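Each remark here refers to the structure printed beneath this line.
Everything quoted here is computed from the prediction, not taken from an experiment. Here is how names work: the chains are called A, B, and so on, in the same order as the sequence lines, proteins then strands, and each is numbered from 1.
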Amino acid sequence: MPTKTIDRRDFIKTTAAAGLALGAGSRDAGARASNELRVALIGAGNQGLVLVESCQKIPNIRITALCDIWAEYQQKYVSNRLSTYGHTHNTYIDYEEMLDNEKDRLDAVIVATPDFWHAAHAIACLKAGLHVYCEKEMATNPEDARRIVRAARESGKLLQVGHQRRSNPRYLFCYQKLLREAMLLGRITTANGQWNRSRQDLRTMPARYAMSPETLEKYGYRSMQQFLNWRWYRGLGGGPIVDLGSHQIDIFNWFVGARPSSIVASGGTDYYNRETHEWYDNVMALFEYPTPGGTVRAFYQTLTTNNFGGYYEVFLGDQGSLEISESGARAKVYRDIANAPDWGSWVKQGLLLAPEEEPEPQPQAQLDVRESVAPPSYALPIQLLKPYHQPHLENFFDAIRGKAKLTCPGEVGFETAVTVLKVNEAVEANRPVLFKPQDFEL
Amino acid sequence: MAAQFEIRCTHPDAKYARQAADYAFRVADQLEQKLSRFIENSDISRINHLSAGEHAIVSYETMQCLRLARFMHAETGGAFDVATGKGLESLDLVPGEFLVCAHANGVHLDMGAIGKGYAVDRMAEVLEDWEVEQALISAGYSSVLSLEPPSGSEDWPLTISMPGKGANATLANVAGRQRALGASGIRKPDHILDPRTGKPVRLRQAAWVSAPRRVLADIGRPAEVGSSPAAVADALSTAFMIVPPVEIKKYCCRHPGLEAWILQPHLIHFVNR
């Protein structure tokens, strides 16, 4: 690409003089840096593109193969984007052909296909001796999720499941520092969370981009409409509770530090057409967690007709509350004035940012009376300055290099899948559903 | 950024048109995630956190937008500046590597005055790809791009008005057809800074720039980032909040088809047809 801004050689010269190490220096096809990893992507949809955009920002990662059945549209789009980013790659429609041709040149595969394909794709890649980053939900049923974990164990390869909040520095900080070390909330009794979205039409595309009926059928879709909206269909996806709720119910499991013992849930397709929205368009679920400190109850809601409140998780203890969201605008800790000790020492230690100062009264007065002052809220001293999925991919790549431990290995992703998939079962049953110990067994 | 995007369009299949618009809005949302300084992990926020000697790898769209912004900075003699005097010169862009390197601390970019137009241009590409060609796209009413008019109409009727005076204060009518119209003003006080002095613009109340898409695309062509007429109109309207009238006149003379209006306090209209 021509540039009017700076000559490439001049740039290398100036930065070398400044002692700046550049990660993105060499991307030509032949050379391979010692710590470079070669990665394939299966599934070039919206999520695949998000992961490509994150990989682009990680040094020494090269995407060298791309597989997607929709050759005329999304495969082409993501392929162009990879070329723009200097990732020389081969493209495939069929994943088995890709693995046959590419497996000896690859280190890892990112699986970002619709949920019902995850097991076939992830297991084939693991059997081919490749590490796998598998998007959530691991599968549309616990048995497939279990098979993926077993395949990972048998292969000895790494399996990272795409619950990216597990690598988000803000979530890690809250879990490790605030909840475990400082025990800032006291005894956690309750959690709640939600992801509400506005009403949306079904997705469609201009007819000229449609895949042939033969291709659609071969890969398990009745129509282009079903392919584009697979998340709503039974057997293909799991509906909003799985697409959205899974990320946050995963945080319930993680922060509470337990597996749930039961679920009560209600939901239905109450707004959209049940022919096209087979999964529930709204779900409310109540989980019970037995923990050594006592029972924790957690409420979760997902709506697809109104986005009020957006998405967040809240943890409530007898000394304070933590509000957190993947979106950085929403991360605060609230102290329970009546029951919590002073948190000044945590501020001094840098665990919390100081709340807005309460006004000192004038010397002659007991109080300076004014507009009501909100109870103290403490912001967190931590920011995420990377795209949301970048830290999770970095954790996966660092683990391949032996420099890190996976933050969401298959076993963890499996527990979350079991928890979340049970919600749909509980809605269907319309009564409390208990988890059996064997549900979580691999 | 943080603007409200709007699409008006006509199409025989209203449901299809709505889905096309949804797709275009998703594209705008994705750009917002990259270009907004209000989002903590956007490309622009990451650049704004760079210290001297550090670099950031940015996405394709961010690099395109930065290159266009830098070109419009030069094109307007520094009057358009996404850094308002705070650091654009201290950034090196390496387009092929998508690298942005800082040579000084304290860079502060705000893509608001070009990013909205850039998003509108990308939304237009979506609608045209979907063959929804009778459309009018707006970002916060300040970056507007008209495509083909509704059947039976000559154009999308647009007006520019006295700020804050309602519908009775029309200053000019603009026939929207394959044309971008960008507006800047100081109804939100002191939010436009003269990058050359760092002081807020107070003399001029508002500026508008309008031209056919191809005229604006030609102006931006040397930036080599593809066609972005609404982004160019957006940047020019911001620059024309501070460029002296004589310079605006010259600029319009050099670009037949380009029209500009400034309000200080009387309306001055520049055009070379």
Shortest non-hydrogen contact from A:Ile63 toward A:His89:
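That would be O-CB, 3.6 Å.
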
Contact class of A:Gln383 relative to chain B, heavy atoms under 4.5 angstrom:
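The answer is both parts of A:Gln383.
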
Please classify the contact of A:Tyr209 with chain B as side chain, backbone, both or neither, using a heavy-atom distance under 4.5 Å.
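Contact with chain B: side chain only.
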
Residues, nucleotides or ligands: over 12 heavy atoms within 6.0 Å of A:Glu72 CD:
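It does not: A:Glu72 CD has 12 such atoms or fewer within range.
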
Take atom CZ of B:Arg214 as the centre, draw a 6.0 Å sphere, and report whether it contains more than 12 heavy atoms from other residues, nucleotides or ligands.
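It does not: B:Arg214 CZ has 12 such atoms or fewer within range.
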
Run through A:His392, A:Glu135, A:Glu326 and flag the one making a side-chain hydrogen bond (donor to acceptor under 3.5 Å, both in side chains) with A:Gln164.
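Among A:His392, A:Glu135, A:Glu326, the one that satisfies the side-chain hydrogen bond (donor to acceptor under 3.5 Å, both in side chains) with A:Gln164 is A:Glu326.
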
Heavy-atom proximity to chain A below 4.5 Å, by part of [X]:
X        : value
B:Val58  : backbone
B:Glu131 : side chain
B:Asp129 : both

Could you tell me whether A:Trp230 and A:Tyr233 have their ring centroids closer than 6.0 angstrom?
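No, the ring of A:Trp230 stays outside the 6.0 Å limit from the ring of A:Tyr233, centre to centre.
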
